[in-house]
Protein chains: 2
Amino acid sequence: MEEADTIKETKSCPVKFMLAVNDAINVIHGKWKLPIIASLLCDKTRFTEIQRNIPKITPRMLSKELKDLELNGIVKRTVYDTIPVSVEYELSDSGKSIGDFLDKMLEWGLEHRKSVLAK
Amino acid sequence: MEEADTIKETKSCPVKFMLAVNDAINVIHGKWKLPIIASLLCDKTRFTEIQRNIPKITPRMLSKELKDLELNGIVKRTVYDTIPVSVEYELSDSGKSIGDFLDKMLEWGLEHRKSVLAK
DNA sequence: CTATTAAGTATACTTTAGTATAGCGCTATA
DNA sequence: TATAGCGCTATACTAAAGTATACTTAATAG
């Protein structure tokens with residue numbers, strides 16, 4: 001099946017539609033996922049570095065969210081055999097392409113703000 | 001300032017970027033907002049009708065989420081002076097245009113599923 | 001007189017998300 | 001020997017989100 005057909009078919013099937021959209025929502029869901037992804041969109045980085053980039057995140061949450069993102073194929077974790085060990089996190093291809101729909105959300109958000117302020 | 005410039009400027013400003021993206025996230029955030037919006041994308045409808053369309057939602061949650069959506073300018077509520085009163089909910093223009101970024105999320109979700117299954 | 005419908009509200013509860021704080025194993029540097 | 005940095009984990013807690021169940025007001029149908 002062609003790409004365009006897959007999309008068309010999915011839109012006509014509420015269940016598949018919801019599954020795919022929910023995948024996207026889950027990836028940005030919660031207080032910290034977006035800051036983490038934003039941090040990794042710039043550069044592959046290490047644990048402590050991300051912690052420094054995101055004020056107020058606790059190591060517990062950072063660890064939890066990174067695991068979650070890794071499990072969902074958004075983030076890749078690489079351990080280097082240095083002393084002491086260093087660990088690098090980077091976005092997968094899927095992860096990098098999150099920017100695609102974030103841009104659309106941004107545009108919608110700006111439009112919406114305008115229309116709300118107009119009243 | 002031109003539309004395109006606003007978007008460009010926003011992308012270069014992390015705070016504004018986050019504000020606008022968060023507006024979009026808030027609108028679809030939680031267990032029930034998306035089903036409610038989906039239900040209203042088809043048709044303007046009444047409270048009980050929405051409740052029937054969304055199995056398992058309680059009136060408490062439906063009421064809460066509709067109020068929230070109304071406050072955020074996504075949904076418009078109209079009370080008709082019939083006996084007994086009937087109340088109709090419909091999407092605002094902003095509400096209708098949510099489809100724009102949902103489509104992008106859908107596309108991303110499908111791509112992502114493919115890439116995860118490929119492994 | 002009782003039951004039902006519309007559009008919710010009230011109260012109490014459970015579950016999930018997030019916070020606060022401390023500590024581990026390892027090594028390098030002062 | 002003490003301190004600091006890295007990449008976390010453990011325990012205990014609070015706060016936010018969601019559920020369950022009952023009830024309200026006003027009218028109408030049986």
Side-chain angles (χ1 to χ4, degrees), chain A residues 18 21-40 42-72 74-91, chain B residues 18 21-40 42-72 74-91:
Chain A
M18 283 294 189
V21 174
N22 271 325
D23 279 359
I25 289 180
N26 286 335
V27 156
I28 55 170
H29 171 254
K31 188 172 178 182
W32 299 113
K33 295 234 174 67
L34 214 50
I36 292 169
I37 290 166
S39 171
L40 294 173
C42 306
D43 249 320
K44 59 164 90 168
T45 349
R46 292 190 291 155
F47 192 91
T48 316
E49 192 66 20
I50 306 176
Q51 221 188 140
R52 272 194 286 264
N53 287 341
I54 306 175
K56 303 201 176 170
I57 194 168
T58 59
R60 185 186 189 277
M61 285 314 281
L62 181 53
S63 166
K64 195 183 150 292
E65 299 294 56
L66 282 170
K67 264 179 200 161
D68 205 30
L69 291 168
E70 198 192 347
L71 234 134
N72 286 309
I74 307 300
V75 156
K76 204 182 150 233
R77 179 174 181 269
T78 318
V79 180
Y80 293 97
D81 210 0
T82 55
I83 288 169
V85 283
S86 56
V87 180
E88 244 178 22
Y89 293 92
E90 65 189 301
L91 293 175
Chain B
M18 283 295 188
V21 173
N22 271 325
D23 280 358
I25 289 179
N26 286 335
V27 157
I28 55 169
H29 169 255
K31 190 172 176 183
W32 300 112
K33 294 235 175 64
L34 214 49
I36 291 170
I37 289 166
S39 172
L40 294 173
C42 306
D43 249 320
K44 59 163 89 168
T45 350
R46 292 190 291 153
F47 192 91
T48 317
E49 191 67 18
I50 306 175
Q51 219 188 141
R52 271 193 286 265
N53 287 341
I54 306 175
K56 303 202 178 170
I57 194 169
T58 61
R60 184 187 191 277
M61 285 314 280
L62 181 53
S63 167
K64 194 182 151 292
E65 299 294 56
L66 282 170
K67 265 179 201 159
D68 205 30
L69 291 167
E70 198 193 346
L71 235 135
N72 285 310
I74 308 300
V75 156
K76 203 183 151 238
R77 179 176 181 269
T78 318
V79 180
Y80 293 96
D81 209 2
T82 56
I83 288 171
V85 284
S86 55
V87 180
E88 244 180 20
Y89 293 92
E90 65 189 302
L91 293 175

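Per chain, numbering begins at 1; letters A, B, ... match sequence-line order.
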Under 4.0 Å between a side-chain N/O of [X] and OP1 or OP2 of [N], yes or no?
X        : N       : result
Lys67(A) : dT9(D)  : yes
Thr48(A) : dG7(D)  : yes
Arg77(A) : dC8(D)  : yes
Lys31(A) : dT19(C) : yes
Ser63(B) : dT9(C)  : yes

Comparing Pro59(A) with Gly30(A), nearest DNA chain C nucleotide closer to 5' gives the residue Gly30(A)

Expressed in angstrom and rounded to an integer, what is the separation of [X] atom [atom1] from [N] atom [atom2]?
X        : N       : atom1 : atom2 : value
Leu62(A) : dT19(C) : CG    : P     : 12 Å
Glu49(B) : dA7(C)  : CD    : C1'   : 13 Å
Ile57(A) : dT19(C) : CD1   : C1'   : 12 Å
Lys64(A) : dA20(C) : NZ    : P     : 16 Å
Arg46(B) : dG8(C)  : CZ    : P     : 11 Å
Gln51(A) : dG5(D)  : CD    : C1'   : 12 Å
Leu66(B) : dA6(C)  : CG    : C1'   : 14 Å
Met61(A) : dT14(D) : CE    : P     : 17 Å

Would Asp68(A) and Lys33(A) satisfy side chain to side chain contact (heavy atoms under 4.5 Å, CB included), going step by step from the backbone distance to the final call?
-> CA-CA 9 Å; Asp68(A) 205 30; Lys33(A) 295 234 174 67; 3.2 Å; yes

Please report the shortest heavy-atom distance between [X] and [Y], naming the atom on each side.
X        : Y        : result
Ser39(B) : Ile50(B) : OG-CG2, 4.1 Å
Glu65(A) : His29(A) : OE2-O, 4.5 Å
Arg46(B) : Val87(B) : CG-O, 3.0 Å
Ile37(A) : Val27(A) : CD1-O, 3.7 Å

Among residues 81-89 of chain B, which residues get a heavy atom nearer than 4.0 Å to DNA chain C?
-> Val85(B), Ser86(B), Val87(B), Tyr89(B)

hbond_proxy Arg60(A) side chain to dT11(D) base (donor-acceptor, 3.5 Å cutoff) = yes

For the residue pair Phe47(B) and Tyr89(B), categorise the inter-ring angle as parallel (less than 30°), tilted (30 to 60°) or perpendicular (more than 60°).
-> tilted

Should Glu49(A) and Arg52(A) count as an ion pair when the cut-off is N to O under 4.0 Å?
-> yes

